[in-house]
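For reference, the structure discussed in these notes is given below.
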Amino acid sequence: MSEVREIDYTGSERLTMNMGPQHPSAHGVFRAILTLEGEKIVAVDAVIGYLHRCHEKLAETLAYVQYPSIASKTDYVAAMASELAYVMAAEKIGQFEVPKRAQYLRVAVNELQRVASHLLWLGTWCLDMGGALGGGTSVFLYCIREREQILDLFESLVGARLLYGFHQVGGVRYDIPTGWVEQCRTTMDLIEQRLGEYESMLHDNAFFEMRTRGIGVISSQLAQDVGVCGPLLRASGVKYDLRRNAPYSSYEDFEFAVPVETEGDCHARYRVRMVEFRESIRIVRQVLDGLPEGPISSRPGVKSLAQVKVPKGEAYARVEGPRGEVGCYLVADGTNKPYRMKWRGASFSNLAVLPHIIPGVTVADVVAIMGSVDPVFGEVDR
Amino acid sequence: MTSDRARALLSQITGLTVADGGPAVTVHVPTEQLASVAAFVKETIGCAFFAFSTAIDHKADGLETVAYVENLDDNITVVLRAKLGAGNICCPSLVPVYRGANWMERETYDMFGVQFEGHPDLRRILLSDDWDGHPLLKSYAVDTPYPPYR
């Protein structure tokens, strides 16, 4: 019989633990080098860059007509948002008109994308906290099931399910096919009903509450200082939404609420996103009701690389993506390619808050916090 | 606070020329004044939100750093631009003023080689530590293999 030995732990010894880069809760490739004192994390070094594909250098070598479909690969979970930011920046410098119908279609796809992206967030987050949620795979599978329906809508609109190339400078590339509006309405009704089902699985669930309430608190001051944006910023008590504060693409035509919570913890971020689901569905319905007739682009379809030339100048265009402010800073030199392009990835700034909030929590909390931040590493590393 | 008031205050207090027009308040700052102007913009104009910072390579004219900060309550955007001058790669860090500048400046260092003075942790962020050169410089050729090309 082996001897049972007691380990003398005085609490002063530190342990360095490596988490990732292939950790399931990272939702991509993220490495956190954690320094632990017992269960408690006292320091963290966040290592990113595993998914760097030199987007910014690439953009300097690709024409304005080529890059939008590459832009979708920055945030591949919400491809519509980054495409829109890029073409809006080019339109801003060149002062290209965008027809009303194209603006409405842009709003519709971006709101559908927000619902799809939030579904993936909710599903994977609950999967991360799996053990606490009776397996956790139920919420995940339900969310993926509903997300598929939105991807079906994109497929019949664009022909692709993940990376679209839907936007082009001056408008959009595809008009809606026959029967799309009805299919979209049915999907929205279904998802709205299913949202209540997810909430009934999570609401008052003691494990869910314990894993999320009071965990990973971001103060409104820290959030602004670091540049945290989107649902995280609103969960920290700052009422700021680009769709409301700096409307673009006719967002001023639609009625929607901007949810704000003051706690700044994981549960507050959950509540903000659950309201955003419903508000996005509301906006999609308003677009379908009021979709104007007319052309979908002010410029002809793409035939040559030199077709779009942007005059000398620079612009910063930003859109409210599912994860927050997706910005594209473009410097043009009058040719058909940008001189310099900078992505302001929402996930990059959101992730930069981790070193400020992780020290003091346990390893299990890191998983809950990572999920609630909802980073997409394509956008962090670009 | 409005954008016009911010423009007036900025040129009055800092003595710098503030560009007219446009929704954003753009100010060209000499590098030695960058930190103090940033602190003024944060405290007095209320731009607490750090959107992003980056650099532009103007080839013979040298590098220029750009930082976007915002006042979210009053919808004011202030753009702080600083020309480093030909051949100069040193720039004061904004980390003491905005904590968000930490990762952004690490990225700018990684891509352009800008040495931010006063940055607490200036090392590469996206590329690996043994990477040669700074890829977003215009002098960095894309078609020549750089070690460790992988």
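Values below: every heavy atom of this structure, side chains too, minus hydrogens, waters and symmetry copies.
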Give a yes or no on this: more than 12 heavy atoms of other residues, nucleotides or ligands lie within 6.0 Å of atom CD of E255(A).
-> no
Here the pair of heavy atoms bringing F49(B) nearest to C229(A) is CZ-CB, 4.3 Å
Please round to the nearest 0.5 Å and tell me the distance separating atom CG of N75(B) and atom CG of L242(A).
-> 9.0 Å
Determine whether more than 12 heavy atoms belonging to other residues, nucleotides or ligands lie under 6.0 Å from atom CD of E97(A).
-> no
Under 4.5 Å heavy-atom distance to chain B, tell me which part of V47(A) shows up: side chain, backbone, both or neither.
-> neither
Taking all heavy atoms of A55(B) and all of R340(A), pick out the closest pair and write down the distance.
-> O-NE, 2.8 Å
Once you round to the nearest 0.5 Å, how far does NE2 of H52(A) lie from CD1 of I125(B)?
-> 11.5 Å
Which one, Q221(A), K342(A), E325(A), E60(A), leads in non-hydrogen pairs under 4.5 Å with chain B?
-> K342(A)
What distance do T26(B) atom OG1 and E314(A) atom CD have between them, rounded to the nearest 0.5 Å?
-> 8.0 Å
Examine whether an atom of T108(B) lies under 4.5 Å from a heavy atom of chain A, and if so say whether it belongs to the side chain, the backbone or both; otherwise answer neither.
-> neither
Heavy atoms of L126(B) and D381(A) approach each other most closely as CD1-O, 3.7 Å
Under a 4.5 Å heavy-atom cut-off, does chain B meet the side chain of V380(A), its backbone, both or neither?
-> backbone
If you count heavy-atom pairs under 4.5 Å with chain B, which of D225(A), V226(A), I48(A) comes out on top?
-> D225(A)
Close side-chain approach of T77(B) and R318(A), heavy atoms under 4.5 Å = yes
Geometric cation-pi criterion K138(B) and Y339(A), 6.0 Å radius, 45° cone = yes
Neighbour count above 12 (heavy atom, 6.0 Å) for R5(B) CZ | no
Dump the intermediate steps for salt bridge (charged side-chain N to carboxylate O under 4.0 Å, His left out) on E107(B) and R382(A), then the final yes or no.
-> CA-CA 11 Å; E107(B) 191 189 328; R382(A) 290 153 294 156; 2.9 Å; yes
Under 4.5 Å from any heavy atom of chain A - which part of M111(B) | side chain
How far apart are the closest heavy atoms of F50(B) and R344(A), and which atoms are they?
-> O-NH2, 4.1 Å
Give, as side chain, backbone, both or neither, the part of E56(A) having an atom under 4.5 angstrom from any heavy atom of chain B.
-> both
Please assess V79(B) against Y316(A) for the test side-chain contact (heavy atoms from CB on, under 4.5 Å), listing each intermediate value before the final yes or no.
-> CA-CA 11 Å; V79(B) 188; Y316(A) 177 55; over 6 Å; no
From CZ (F52(B)) to CH2 (W343(A)), nearest 0.5 Å = 11.5 Å
What is the distance from atom OH of Y50(A) to atom OG of S128(B), rounded to the nearest 0.5 Å?
-> 10.0 Å
Could you look at L233(A) and say if it's the side chain, the backbone, both or neither that has a heavy atom under 4.5 Å from chain B?
-> side chain
For D45(A), is it the side chain, the backbone, both, or neither that has a heavy atom closer than 4.5 Å to a heavy atom of chain B?
-> side chain
Can you tell which part of L137(B) gets under 4.5 Å to a heavy atom of chain A, answering side chain, backbone, both or neither?
-> backbone
Tightest non-hydrogen contact, residues I56(B) and V331(A), listed as CD1-CG2, 3.9 Å
Ion pair present between D73(B) and K239(A), side-chain N to carboxylate O less than 4.0 angstrom?
-> no
Check for a donor-acceptor pair, side chain of R99(B) on one end and backbone N or O of A223(A) on the other, with a separation under 3.5 Å.
-> no
Side chain, backbone, both or neither of Y329(A) within contact of chain B (heavy atoms, under 4.5 Å) | side chain
Does CD in E32(B) sit with more than 12 non-hydrogen atoms of other residues, nucleotides or ligands closer than 6.0 Å?
-> yes
Looking only at heavy atoms, what is the nearest atom pair of P135(B) and K57(A), with distance?
-> O-NZ, 2.9 Å
